[in-house]
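Just so it is clear: chains get the letters A, B, ... in the order the sequence lines come, proteins before strands, and each one is counted from 1.
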Amino acid sequence: MYDLIIIGGGVAAFTSALFAGRRGLKVLVVAKDIGGQANWTDLIENFPGHEEIGGHTLVSSIKEQAERWGLELVHAEVDQLKAVDSGFVIHAYGKQYKAKAVILAFGKTPRDLEVPGEQEFKGKGVSYCSNCDGPLFKKKTVVVAGYGDIGLDTTLLLSRFAKKVYTLSKTDRLAGHPGLVKAVGKKKNVELVPHVQIQALTGDTALKQVHLLNLQTNQQSILKTDGLFVELGYVVHSEFLQGLVDLDEQGQVVTDKNQATSVPGIFAAGDATDSTYKQAVITAGEAATAALAAYDWIMERMGGKGLTSDWTQIKRIK
Amino acid sequence: MTETQKLAIIGSGPAGLTAAIYAARAGLNPVLFAGLTYGGQLMLTTEVENFPGFPNGILGPELMANMIKQAERFGTKILYEDVTQFDVSAQPFKLTSDSGEHAFQSVIIATGASSLWLGLPSEEKLRGRGVSSCATCDGAFFRNKDIVVVGGGDAAMEEATYLTKFASKVTMLNRSGKLRASEIMAERARQNPKIEIVMNTVVEEFLGENKLEGVRVKNVQTGETQVMNVEGAFIAIGHKPNTDIFRGKIDVDELGYVIRKGRENEAKVSAHGASAHYPSATSVPGVFVAGDVHDHHYRQAITAAGMGCMAALDVEKYLKMDQG
């Protein structure tokens with residue numbers, strides 16, 4: 001029996017483990033893989049306190065930090081989560097694990113283009129996060145494959161850094177919020193490439209060409225570029241939670257300001273949730289909150305009163 | 001008056017600086033009012049063990065220096081000045097500091113919280129001379145001495161327990177007949193042979209000229225007063241948000257913490273499309289909030305930093321959508 005089981009293996013999972021461990025909880029992390037979305041980012045330059053850090057390095061260092069507070073780790077994919085009288089039972093790779101509380105921190109997967117070359121150039125010119133990687137393409141040429149407001153948002157953001165932004169559309173225009181469409185229209189370095197679909201990606205050590213098919217003429221063409229931003233939304237693999245916790249229409253776990261889900265004792269943090277923004281530092285903040293809220297919940301069930309500030313556990317100087 | 005700039009950030013703890021890193025990186029050229037004493041509560045710490053990504057711990061001031069460097073690297077202008085006047089009644093917002101009046105399209109409030117004091121004149125006089133609000137800062141000065149801790153919450157219990165490492169006797173003064181602390185924390189203090197908890201008792205005066213020599217306490221039930229000979233007094237009655245200059249201008253809760261209106265405003269902002277939802281919005285459009293000045297429960301460096309990031313992303317969206 002654990003106090004807390006955390007499902008996931010990225011920034012959210014290990015930050016939760018760190019804060020829960022510091023509260024003295026017995027913590028098990030069940031992770032399918034280690035790293036989460038941070039693995040797709042070579043270089044994070046906006047995580048506060050780290051001037052530059054690789055995505056995988058960041059996750060590994062948080063994992064190491066959590067391990068100092070007694071985290072146990074099992075590599076497995078969870079296929080079932082059940083509420084029982086004394087807490088929760090998790091099934092993963094044929095084994096059962098029990099805990100008083102659960103944190104869902106299994107993240108989210110950006111939707112792929114599903115074209116040849118995409119897997120090869122992930123993190124090498126192909127990015128799924130303009131907020132993360134946009135500034136790395138200063139004065140360079142980039143292509144945006146996106147739809148709706150996210151695609152427009154990405155185009156606008158990149159137009160501030162890139163020399164040239166090609167925005168692809170399967171029709172003759174960009175669809176989305178009129179204000180955004182207008183703002184994109186005003187950008188001189190943005191060019192709409194109409195009626196196209198990506199067929200393949202090629203390059204050497206990094207992405208160099210995007211191969212396009214014109215849907216009207218059936219003609220093929222090649223667009224030379226330094227980067228491709230894919231913004232087709234994200235997929236949450238939350239099927240195992242259906243019928244247990246409330247999910248929104250995209251399958252994201254619905255949370256409140258304490259990172260609580262619709263089921264008392266189950267909390268969630270990070271990209272698997274319905275939070276507005278997906279950034280490592282926000283995820284880490286939410287994960288800390290989820291761990292402390294889980295601690296509060298366990299303490300209340302045991303007749304205690306919950307949280308005291310963690311500040312008091314920090315050594316101070318004169 | 002200078003020309004209108006895009007964004008002012010008030011406060012230079014993890015919330016304000018993370019907001020600055022994100023806003024600057026997005027090209028908003030933020031101006032950060034760091035205050036005369038910059039860096040926030042982490043400047044009072046040594047080792048921070050719970051900031052994600054530092055498995056060996058990091059010194060609080062070093063962590064803040066890193067963030068300042070990062071914010072400046074992306075183009076944040078940092079002013080080491082306090083904001084003395086705050087006017088968000090109309091656009092552009094006007095902020096006054098030592099260097100004069102500045103105009104902004106948007107503001108992020110990240111002024112944090114400070115320790116509460118009892119408010120006695122004698123307390124102010126002897127602050128740093130035996131009267132302290134930080135047991136872990138000053139505890140070691142009271143080796144083998146008698147001290148008092150004022151307060152009855154969890155933080156007070158924790159401070160008192162910590163202080164028994166140094167002090168020969170710790171008397172806790174609780175103003176009512178009931179402790180606010182959780183049973184676990186209170187029991188830990190009760191079982192400590194060096195701690196005595198005195199109920200229904202308040203401090204009337206801190207005694208001494210250049211250093212604390214005693215406290216005059218009063219039993220609020222019997223009205224009896226008595227002088228306790230102690231050399232140290234620790235005030236552990238909680239924290240207060242740094243919101244004095246915002247009072248009456250943006251909505252705060254009954255404790256003075258800035259209220260986030262994000263979710264409540266959802267219907268209103270939906271006119272701007274699904275992506276226009278501002279989790280860090282305050283009661284005034286264009287003014288956003290992050291960190292301990294909003295959150296009085298979790299109060300972690302990383303939770304504050306996360307909120308700072310959110311506020312910066314909100315501002316980016318706000319300037320794009322609502323300010324053309």
Side-chain angles (χ1 to χ4, degrees), chain A residues 11 14-15 18-19 22 45-51 53 57-58 61-62 64-65 67-68 131 135 149-150 153 156-157 160-161 176-177 179-180 183 257-258 275-277 279 281-289 292-293 299 303-318, chain B residues 14 17-18 21-22 25-27 41 44-55 58 60 63 66-67 69-70 73 134 136-138 153-155 157-159 162 181-185 263 272-275 277-279 297-300 302-310 313 320-321 324:
Chain A
V11 168
F14 293 116
T15 304
L18 166 64
F19 278 82
R22 283 176 59 85
E45 35 174 43
N46 55 9
F47 197 89
H50 295 274
E51 194 171 356
I53 188 167
T57 312
L58 176 65
S61 63
I62 303 173
E64 190 189 331
Q65 207 171 351
E67 278 164 350
R68 298 191 178 193
N131 265 323
D149 287 355
I150 337 169
D153 260 340
L156 266 186
L157 182 84
R160 265 190 242 150
F161 305 107
H177 183 265
L180 284 173
K257 66 180 167 59
N258 296 313
S275 66
T276 313
Y277 301 116
Q279 291 291 319
V281 62
I282 296 178
T283 288
E286 288 175 353
T289 299
L292 299 175
M299 293 308 281
K305 215 182 137 190
L307 188 64
T308 63
S309 170
D310 206 41
W311 282 107
T312 49
Q313 298 190 10
I314 293 172
K315 293 173 226 144
R316 303 197 197 201
I317 44 172
K318 169 65 183 151
Chain B
L17 284 167
T18 303
I21 292 167
Y22 270 79
R25 203 161 172 266
Q41 296 172 83
L44 301 171
T45 67
T46 49
E47 197 83 23
V48 180
E49 291 173 328
N50 65 1
F51 198 83
F54 294 97
I58 181 166
L63 179 60
N66 285 0
M67 290 192 202
K69 208 168 115 194
Q70 234 173 328
R73 178 179 153 212
C134 178
T136 26
C137 313
D138 301 331
D154 278 342
M157 297 299 152
E158 215 159 324
E159 302 250 285
Y162 172 78
S182 62
E183 196 42 46
I184 292 171
M185 297 298 297
R263 301 249 165 177
H272 300 293
S275 63
H277 164 213
Y278 304 116
H297 188 59
Y298 298 110
R299 300 174 51 234
Q300 305 302 308
I302 189 63
T303 53
M307 285 188 266
C309 173
M310 252 183 238
L313 296 177
K320 206 157 59 187
M321 308 287 275

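Between B/F51 and A/F47, the two ring planes are perpendicular [angle over 60°; tilted spans 30° to 60°].
Only the side chain of A/T15 comes within less than 4.5 Å of a heavy atom of chain B; its backbone N, CA, C and O stay farther away. Neither the backbone nor the side chain of A/A287 comes within less than 4.5 Å of any heavy atom in chain B. For A/F14, no part sits under 4.5 Å from any heavy atom of chain B, backbone or side chain. The parts of B/A26 that come within reach of chain A are both its backbone and its side chain, each placing non-hydrogen atoms under 4.5 angstrom from that chain. Interface remark: B/L17 contributes no atoms to any contact with chain A (heavy atom separation under 4.5 Å). The contact between A/E45 and chain B is made by backbone and side chain atoms together, counting heavy-atom distances below 4.5 Å. Using a 4.5 Å cut-off between heavy atoms, A/I150 does not touch chain B at all. For A/A284, the parts sitting under 4.5 Å from any heavy atom of chain B are the backbone and the side chain alike.
Atom CG of residue A/L292 and atom CZ of residue B/R299 lie 11.5 Å apart, to the nearest 0.5 angstrom. Rounding to the nearest 0.5 angstrom, the gap separating the OH atom in B/Y298 from the OG1 atom in B/T303 is 9.5 Å.
Residues satisfying the salt bridge (charged side-chain N to carboxylate O under 4.0 Å, His left out) criterion with A/E64, sequence neighbours excluded, are A/R68. In terms of the side chain to side chain donor-acceptor pair (under 3.5 Å) criterion, residue partners of A/Q279 (sequence neighbours excluded) are, by chain and number, B/Y22.
Shortest non-hydrogen contact noted between B/I58 and B/F54 is CD1-CE2, 3.6 Å. A/H177 and A/D149 make their closest contact through N-OD1, 2.8 Å (heavy atoms, listed as atom of the first residue, atom of the second, distance).
Counting heavy-atom pairs under 4.5 Å between each of A/G179, A/A288, A/P135 and chain B puts A/P135 at the top. Contact tally against chain A (heavy-atom pairs below 4.5 Å) for B/R73, B/K69, B/M307, B/M67: the top residue is B/R73.
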